[in-house]
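So that the names make sense, note that chain A is the first sequence line, chain B the second, and so on, each numbered from 1. All figures in this text were calculated on a predicted structure; none of them were measured in a lab.
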There are 2 protein chains.
Amino acid sequence: MKSGRVTLAHVAAVAKVDRAVISRVVNNDPTLNIRPETRERVLAAVAALGYRPNVAARSLRTARAHMFGLFIPDFANPVYAEIIKGAEAAAAALSYVLVTGSAAGAGLGGYIDLLGQGRIDGLLLAGAEEEAGLLEQLDRATVPWIMLNRRSPSVKRYVILDDERAARLAVEHLVGLGHRRVGHLAGPVGADTALRRSAGYSAAMRDAGLPDGPVVAADYTPAGGAAAMTALLADPDPPTAVFVANVASAIGAMESARAAGLEIPRQISMVAVHDLDLASYLAPPLTTVRMPLAELGRRGVALLGSLKLDESVEEVLDGPIELIVRLSTAPPYMA
Amino acid sequence: MKSGRVTLAHVAAVAKVDRAVISRVVNNDPTLNIRPETRERVLAAVAALGYRPNVAARSLRTARAHMFGLFIPDFANPVYAEIIKGAEAAAAALSYVLVTGSAAGAGLGGYIDLLGQGRIDGLLLAGAEEEAGLLEQLDRATVPWIMLNRRSPSVKRYVILDDERAARLAVEHLVGLGHRRVGHLAGPVGADTALRRSAGYSAAMRDAGLPDGPVVAADYTPAGGAAAMTALLADPDPPTAVFVANVASAIGAMESARAAGLEIPRQISMVAVHDLDLASYLAPPLTTVRMPLAELGRRGVALLGSLKLDESVEEVLDGPIELIVRLSTAPPYMA
DNA sequence: CTGAAAGCGCTTACAG
DNA sequence: CTGAAAGCGCTTACAG
């Protein structure tokens with residue numbers, strides 16, 4: 001029995017009812033009045049033949065693909081892995097399929113094209129660079145789309161995390177340990193998350209009555225963090241602690257600190273945003289701020305399922321943000 | 001102009017030809033004889049209206065979804081990121097969409113169900129655990145599927161990497177440095193890649209005229225590596241070097257070695273399979289063996305595109321495997 | 001060189 | 001309570 005070949009007609013023939021009835025039983029149509037024994041017969045035939053509704057036919061008829069898209073820049077970034085996990089779970093709960101794509105495929109443009117083809121019923125854009133014409137392309141779309149973890153000035157469709165609060169938590173931890181000269185490895189220039197984390201850093205410093213320490217922009221990669229940390233340590237008055245905007249940057253920054261002969265945390269403390277499994281196994285284990293990334297993915301999908309086409313969302317996700325203290329932070333050596 | 005709403009009929013009206021002609025122009029039907037000016041008119045109308053063929057209608061008619069599936073256990077494992085990247089690129093080259101899913105979604109069973117629904121034209125299974133009934137479910141499928149990076153005794157459909165060669169390369173490097181007592185952190189029991197890497201380890205040791213050192217199984221995670229390394233170091237005659245089957249395990253193993261007071265590489269050398277960006281930033285930077293993972297994904301998709309339904313594949317991918325020497329390996333201290 | 005027609009497999013408003 | 005019918009938007013063998 002080749003399962004892909006069984007159609008409603010086959011099931012109807014076996015169950016001795018019309019195809020319409022099979023369809024309504026399979027889809028749990030609440031307006032269907034049916035004798036229990038008929039329903040049983042239908043279900044038995046469905047099971048016996050291994051009937052699976054053909055998605056293409058259903059989509060054509062209902063104009064719904066039962067699929068959502070999620071675009072990310074790069075699968076290698078573990079931050080997205082967490083987002084995907086939440087989005088996948090939420091999609092599965094709605095009986096939707098999540099198709100996650102990165103720039104390595106057809107690119108963002110090709111991805112948005114899936115909307116035009118009717119392949120997906122909604123699109124989540126996580127950390128995508130803004131390219132000319134894409135927003136325009138999106139605006140012509142007939143299905144909802146939402147930016148994840150990133151705002152854009154011209155767009156009233158996003159859900160983000162409370163990056164400012166995360167940054168404050170990290171800085172307050174450092175200040176609480178006695179640090180007064182606290183540097184900041186900010187994210188890439190122009191990145192929305194970087195802006196918000198930097199704002200949190202400055203706010204927390206101000207609240208503590210301290211001036212900002214040295215600030216250097218760094219890509220969210222080990223290489224970016226390494227280069228930025230080297231620059232930061234060249235400051236005439238180097239900090240005793242650094243708040244790093246991203247954990248991948250922090251991994252590179254730790255290496256630069258070691259290369260400069262600094263012992264972590266004795267001579268320099270470090271704390272970074274986003275917790276990874278890996279953080280416990282670094283040398284020394286890295287203090288981090290854990291953000292609800294899976295929840296972000298989950299929420300994005302839920303919104304896609306409920307949002308009206310022209311409805312706007314501007315949401316800061318209210319989830320648990322917690323400091324995870326490991327061994328990369330300590331009181332300043334010469335406090 | 002809502003792009004999702006333009007159909008062949010609209011384009012046909014504008015271009016003043018039949019819908020069939022539009023379809024054949026859009027699909028580059030080679031059997032179509034058409035006057036150049038007519039083709040121009042059609043193309044102009046397509047562009048002007050922003051026509052995009054409806055995928056559901058096309059799939060229903062042609063019984064092809066133009067979509068491939070890739071199932072992985074977990075997006076957080078960076079090894080899969082690399083495979084996805086290659087698979088995405090290959091799919092895009094075929095104008096196919098790749099839908100990658102993990103166990104966090106509907107699970108492998110739900111994933112295989114996509115086949116039954118006609119949603120995908122082929123499925124790649126990367127490192128999936130074998131569950132009862134799933135192979136049976138797959139055998140009923142009417143589209144090709146292939147196991148990636150993993151064989152199964154009952155299945156003649158796989159493409160794998162040359163794990164044995166990778167292992168030999170690593171062990172020969174250690175032996176070349178002068179190590180004679182070489183331990184092995186093997187992968188999880190039952191994992192096919194682990195078996196092949198262990199075979200390579202033993203073969204290389206035998207070729208060097210050396211007996212196997214202590215061998216401990218370890219999950220492909222930092223935690224698994226950490227636990228296994230602790231066990232291995234308890235050996236009455238501990239090794240001066242360790243070949244670790246997986247880079248994630250190695251990260252945990254390095255931490256255990258440090259915790260045991262061992263300096264890497266002075267007191268113990270370590271080399272692991274799979275290269276990551278991260279490896280350069282560990283303390284010390286980790287010597288690895290780089291495997292062609294993206295190529296594996298690419299090859300899997302290419303096979304899906306060309307394989308007959310009942311054709312078998314048993315392929316060991318012939319791609320570059322190279323040792324990347326960093327600072328975690330050195331001659332033994334007391335050679 | 002171009003058009004008319006059938007049909008892929010569903011869902012749904014309607015008839016009885 | 002169940003069936004007959006239309007139609008979603010395409011592709012393709014065929015007619016002319």
Side-chain angles (χ1 to χ4, degrees), chain A residues 2-43 45-46 49-67 95 116-119 121 142, chain B residues 2-43 45-46 49-66 95 115-119 121 142:
Chain A
K2 298 292 188 174
S3 60
R5 324 250 60 213
V6 180
T7 74
L8 274 187
H10 298 114
V11 185
V14 169
K16 312 228 181 291
V17 294
D18 190 82
R19 294 178 307 157
V21 177
I22 315 284
S23 172
R24 295 166 75 191
V25 167
V26 166
N27 293 310
N28 284 312
D29 180 349
T31 71
L32 172 66
N33 278 359
I34 189 174
R35 260 187 307 228
E37 59 263 39
T38 311
R39 183 189 296 274
E40 282 316 314
R41 215 167 61 234
V42 167
L43 260 16
V46 164
L49 297 175
Y51 171 70
R52 307 268 49 222
N54 178 292
V55 164
R58 182 203 298 234
S59 292
L60 178 58
R61 181 59 227 240
T62 62
R64 314 234 88 222
H66 285 269
M67 195 146 93
S95 296
Q117 300 170 208
R119 244 195 228 277
D121 298 330
T142 54
Chain B
K2 299 293 191 173
S3 60
R5 323 250 61 211
V6 180
T7 72
L8 273 186
H10 297 115
V11 185
V14 169
K16 310 226 183 294
V17 295
D18 190 81
R19 295 179 305 158
V21 176
I22 315 284
S23 172
R24 297 167 74 191
V25 167
V26 166
N27 292 309
N28 285 312
D29 179 348
T31 72
L32 173 66
N33 277 358
I34 190 174
R35 259 188 307 229
E37 58 262 39
T38 310
R39 182 190 296 272
E40 281 317 312
R41 215 167 62 233
V42 168
L43 257 16
V46 165
L49 297 175
Y51 170 70
R52 307 265 51 222
N54 178 290
V55 164
R58 183 203 297 236
S59 293
L60 179 56
R61 181 58 228 240
T62 62
R64 314 233 88 222
H66 285 268
S95 296
L115 295 174
Q117 299 171 211
R119 243 194 228 277
D121 298 330
T142 54

Query raised in the report: Can you check side-chain contact (heavy atoms from CB on, under 4.5 Å) on A:R39 and A:V42, steps first, answer last?
Result: CA-CA 5 Å; A:R39 183 189 296 274; A:V42 167; 5.6 Å; no
Query raised in the report: Picking from C:dC10, C:dT2, D:dT2, which would you name as closest to the side chain of A:R58?
Result: C:dC10
Requested in this report: Using atom CZ of A:R41 as one end and atom C1' of D:dC1 as the other, report the distance to the nearest whole Å.
Outcome: 12 Å
Requested in this report: With the side chain of B:S23 defined as its heavy atoms from C-beta on, choose the nearest nucleotide among D:dC10, D:dT11, C:dT2.
Outcome: D:dT11
Query raised in the report: Once you round it to whole Å, what is the distance between P of C:dC10 and CG of A:L60?
Result: 12 Å
**Report entry** For atom NZ of A:K16 and atom C1' of D:dC1, their distance in whole Å
**Finding:** 19 Å
Query - Nucleotide of D:dG3, D:dG9, D:dC14 approaching A:R24 most closely (side-chain heavy atoms) - result: D:dG3
Query raised in the report: If you check the B:T7 side chain, which of C:dG3, D:dC10, D:dA4 turns out closest?
Result: D:dC10
Report summary line: Here the distance between atom P of C:dC8 and atom CG of A:N54, to the nearest Å, is 12 Å
Query - Of A:N33 and A:R19, the one whose closest DNA chain D nucleotide lies more 5' - result: A:N33
Query - Sugar-phosphate only, base, or nothing, as touched by B:L8 at under 4.0 Å among non-hydrogen atoms - result: base
Requested in this report: Give B:N27 one of three labels, base, sugar-phosphate or nothing, depending on what nucleic acid heavy atoms sit under 4.0 Å from its own.
Outcome: sugar-phosphate
Query raised in the report: Closer than 4.0 Å, any side-chain N/O of B:T38 to the OP1 or OP2 of C:dT2?
Result: yes
Query raised in the report: Taking NE2 from A:H66 and P from C:dC10, how many angstroms apart are they, rounded to a whole number?
Result: 14 Å
Query - Value in whole Å for how far the P atom of C:dT2 lies from CG of B:D29 - result: 13 Å
Report task. Rounded off to whole Å, could you give me the CZ-to-P distance for the B:R64 and C:dG9 pair? Result -> 15 Å
Report task. Return the nucleotide paired to D:dA13: Watson-Crick means purine N1 to pyrimidine N3 with N6-O4 or O6-N4, wobble means G-U with N1-O2 and O6-N3, both under 3.5 Å. Result -> none
Query raised in the report: Base, sugar-phosphate, or nothing for B:S59, non-hydrogen atoms under 4.0 angstrom?
Result: nothing
Query - Minimal non-hydrogen separation, A:L60 against B:A56, with atom names - result: N-CB, 3.6 Å
Report summary line: Shortest non-hydrogen pair, A:R41 vs A:A15, comes out as NE-O, 2.9 Å
Query - Short side-chain to backbone donor-acceptor contact, A:S59 and A:V55, under 3.5 Å - result: yes
**Report entry** Gap between atoms CZ and C1', on A:R61 and C:dT11 respectively (whole Å)
**Finding:** 4 Å
Query raised in the report: Which pair of heavy atoms, one from A:Y51 and one from A:V26, lies closest together, and at what distance?
Result: CE2-CG2, 4.3 Å
Report summary line: In terms of heavy-atom contacts, B:H66 and B:D121 come closest through N-OD2, 2.7 Å
Query raised in the report: Closer to the 5' end of DNA chain C via nearest nucleotide, is it A:A20 or B:A57?
Result: B:A57
Query raised in the report: Between B:A56 and B:V21, which has a closest nucleotide on DNA chain D that is more 5'?
Result: B:A56
Report task. Would you classify B:R35 as touching base, sugar-phosphate or nothing, given that sugar-phosphate means primed atoms plus P, OP1 and OP2, and contacts are heavy atoms under 4.0 Å? Result -> sugar-phosphate
